[in-house]
Structures are given as C-alpha cells and as structure tokens.
Amino acid sequence: MNETKTQKPSETFEHTPMAVIANVSRVVTKVVDRISGDRNEVPLMVAAAVVEGLKGHGIESRVMYGPAAWLEVLENSGVIWTGCWGESFHFWVATQFGEVVDLNTFVSVRKRSHQNPDWKPQYAAPLLWSREVPRFYRYQPEGIAELELTSEDDQKKFDKVLAEIREKCRPENLATAPGSEEEFPNEPMLCPGRRVLDDSHKNFRQFDRAISVQGIPDSPF
C-alpha cells in the first residue's frame, strides 16, 4: 500500500498569498488598534497577533526581536531613522517564506522622539510584508520572542485580540470570489515582489519623493 503525503496549502506558494496578506493585515491592525488604544505602543502584541492570524491560514511564522529601524520624513522634509536600537529592541514577524512582516512602521509618526521632541514626523516607511527589504528599513534579528504578559489588564486585552483574530483570520473569510477585491488597511504597504500599495492620501508617494530628494542617511547600526 503506497503512502501519500498530503501537502499543506502553504507548501504550494512562494510567498504569502495576497488574499491572506489582506485579511491578516487588515484584521490585525484594526483589532489591535481598537483594543489596545494604539498598536504603536504594543509591537509585540501586534507581531503575536500576526502569527495567530497566519496560523489560521496554515502558514507558519514566528515573532523575532532585535534592533530595527526605518525612515521617517519630518514636516521640514528632513529624513531621519526611527525605531529601536542600542539598549532597545523591536518585534516583527518572520514567515516560513522568509518574509519580514512589520505592521507598525507607518504608524510610528503617531509618537514623537523623546530625545528630539521638537521633531514632527509627517510620513514613515510603509507597512512591510516582503522577503525583499528596501534600504529604508533595517532589521537585525537576535532571536525568537515570546509574549509574556504580567498585567491582568494586558492579558485580558490580548485574549480579546486572539479571540477576534481566530474568528476573522480564516480561509472562508478571504476575498476569493470572482470579481471580489482584497481589502487592505488604508495605510501604505510594501508587499511581495516589491509591490507597493499606497493609501488614499498617497502617503507613500510623499515619503518616496522626500527620500529621493534628501537621500538615505547612514544607518544607525
């Protein structure tokens, strides 16, 4: 009797399918923003939610930690690096396809630098979901992270996030019907194949124009 190996759906792809990227990125950004108040404050929760969302589609991934940086454009058109390095570190996701997933980059403009409170960021690098990482990002993985919540309030919030992710990040919720369109977050996003999805305000166009003029400063690490 011959044994037949059953392939997982994810084994037939070279990258995360666009329909899955749309589903997971939209659900995670909306859910974590709503439940946490601002996902910019909880990057580890965002990354853990992405892993849970991908699990619902049979795709393996893990949360990574280490120094990370991306470019911001200030109101005066200056270009700076922001993120976490030195004594701080950031969290993002690595998928089984070798993709780097970071759904926090674009919203870093919500928060001003403690070292330079007078700097007013206007545009930031798009959300990232790609194996190809352009020069306006820097990621240096140091290990695999796990979410450990010591606060009862934080645990309750994360439980709510997980429950909603598990409900909404499923194959039956994908836009696969003929004529249906994938719905992404209304934020700029870099997807596999260097495909850029801009938002309704054309923020990536403004970001790209500024770094084309000003150039990319030396990396902080």
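Along the sequence shown, residues are numbered consecutively beginning with 1.
- The side-chain hydrogen bond (donor to acceptor under 3.5 Å, both in side chains) search around D198 returns none, not counting sequence neighbours.
- Counting only residues at least two apart or in different chains, salt bridge (Lys or Arg N to Asp or Glu O under 4.0 Å) contacts with residues 203-221 are absent.
- T16 meets the side-chain hydrogen bond (donor to acceptor under 3.5 Å, both in side chains) test with E99, W129; sequence neighbours excluded.
- Distance check: N76 CG to K120 NZ gives 10.5 Å after rounding to the nearest 0.5 Å.
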Run the numbers on M45 and V161 for side chain to side chain contact (heavy atoms under 4.5 Å, CB included), then give the verdict.
-> CA-CA 9 Å; M45 186 181 293; V161 168; 4.1 Å; yes

So V63 and L147, side chain to side chain contact (heavy atoms under 4.5 Å, CB included) or not? Walk me through it.
-> CA-CA 9 Å; V63 179; L147 182 61; over 6 Å; no

I would like to know whether Q206 and Q122 meet side chain to side chain contact (heavy atoms under 4.5 Å, CB included); could you show each step before the answer?
-> CA-CA 9 Å; Q206 302 298 326; Q122 190 170 20; over 6 Å; no

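- Taking CG of N40 as the reference point, atom CG of L103 lies at 12.5 Å (rounded to 0.5 Å).
- Smallest separation of non-hydrogen atoms from R138 and S219: NE-OG, 3.0 Å.
- Counting heavy atoms from C-beta on, the side chains of F106 and P188 come closer than 4.5 Å.
- Here the closest heavy-atom approach between residue E142 and residue G66 is recorded as CG-CA, 4.1 Å.
- Distance check, rounded to the nearest 0.5 Å: CD1 of I165 to NZ of K160 gives 14.5 Å.
- In this view, S212 satisfies the side-chain hydrogen bond (donor to acceptor under 3.5 Å, both in side chains) rule with no residue, not counting sequence neighbours.
- Between P217 and G215, the shortest heavy-atom distance links the atoms CD-O, 3.6 Å.
- Sorted by first and then second residue, the salt bridge (Lys or Arg N to Asp or Glu O under 4.0 Å) pairs with a member in residues 67-94 form an empty list; sequence neighbours excluded.
- The two residues I59 and P17 come nearest to each other via the heavy atoms CD1-CD, 4.1 Å.
- Rounding to the nearest 0.5 Å gives a distance of 8.0 Å between NZ of K157 and OG of S151.
- Screening residues 22-31 for side chain to side chain donor-acceptor pair (under 3.5 Å), with sequence neighbours left out, gives N23-H57.
- No donor-acceptor pair closer than 3.5 Å links the side chain of D102 to the backbone N or O of L127.
- Side-chain atoms of Q96 come within 3.5 Å of backbone atoms of E60 as a donor-acceptor pair (strictly under, hydrogens ignored).
- The side-chain hydrogen bond (donor to acceptor under 3.5 Å, both in side chains) search around R34 returns E164, not counting sequence neighbours.
- Looking at every heavy atom in both residues, V32 comes nearest to S36 through O-OG, 2.5 Å.
- Judged by distance alone, the side chain of S61 and the main-chain N or O of A94 form no donor-acceptor pair under 3.5 Å.
- In this structure, CD on E148 lies 9.5 Å from CG on L44, to the nearest 0.5 angstrom.
- The ring-ring contact (aromatic ring centres under 6.0 Å, His included) check on Y65 picks up F89, with sequence neighbours excluded.
- In this structure, V133 belongs to a hydrophobic cluster whose other members, linked by side-chain heavy atoms under 4.5 Å apart, are M64, W70, L71, V73, V79, W81, W85, W92, V100, Y123, L128, F136, Y137, Y139, I144, L190, V196, F204, F207, I211, I216, F221.
- Residues A124 and V109 approach most closely at CB-CG1, 3.7 Å, considering heavy atoms.
- Applying the salt bridge (Lys or Arg N to Asp or Glu O under 4.0 Å) rule to pairs touching residues 43-58 yields E52-K55, E52-R166, sequence neighbours excluded.
- Scored by the salt bridge (Lys or Arg N to Asp or Glu O under 4.0 Å) test, E41 finds K111 as partners (sequence neighbours excluded).
- Sorted by first and then second residue, the salt bridge (Lys or Arg N to Asp or Glu O under 4.0 Å) pairs involving residues 121-132 (not counting sequence neighbours) are E132-R194.
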What do the steps show when you test E187 against R39 for salt bridge (Lys or Arg N to Asp or Glu O under 4.0 Å), and what is the final call?
-> CA-CA 14 Å; E187 300 177 17; R39 73 180 192 271; 2.5 Å; yes

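- The line from CG of N186 to NE2 of H201 is 6.0 Å long, rounded to the nearest 0.5 Å.
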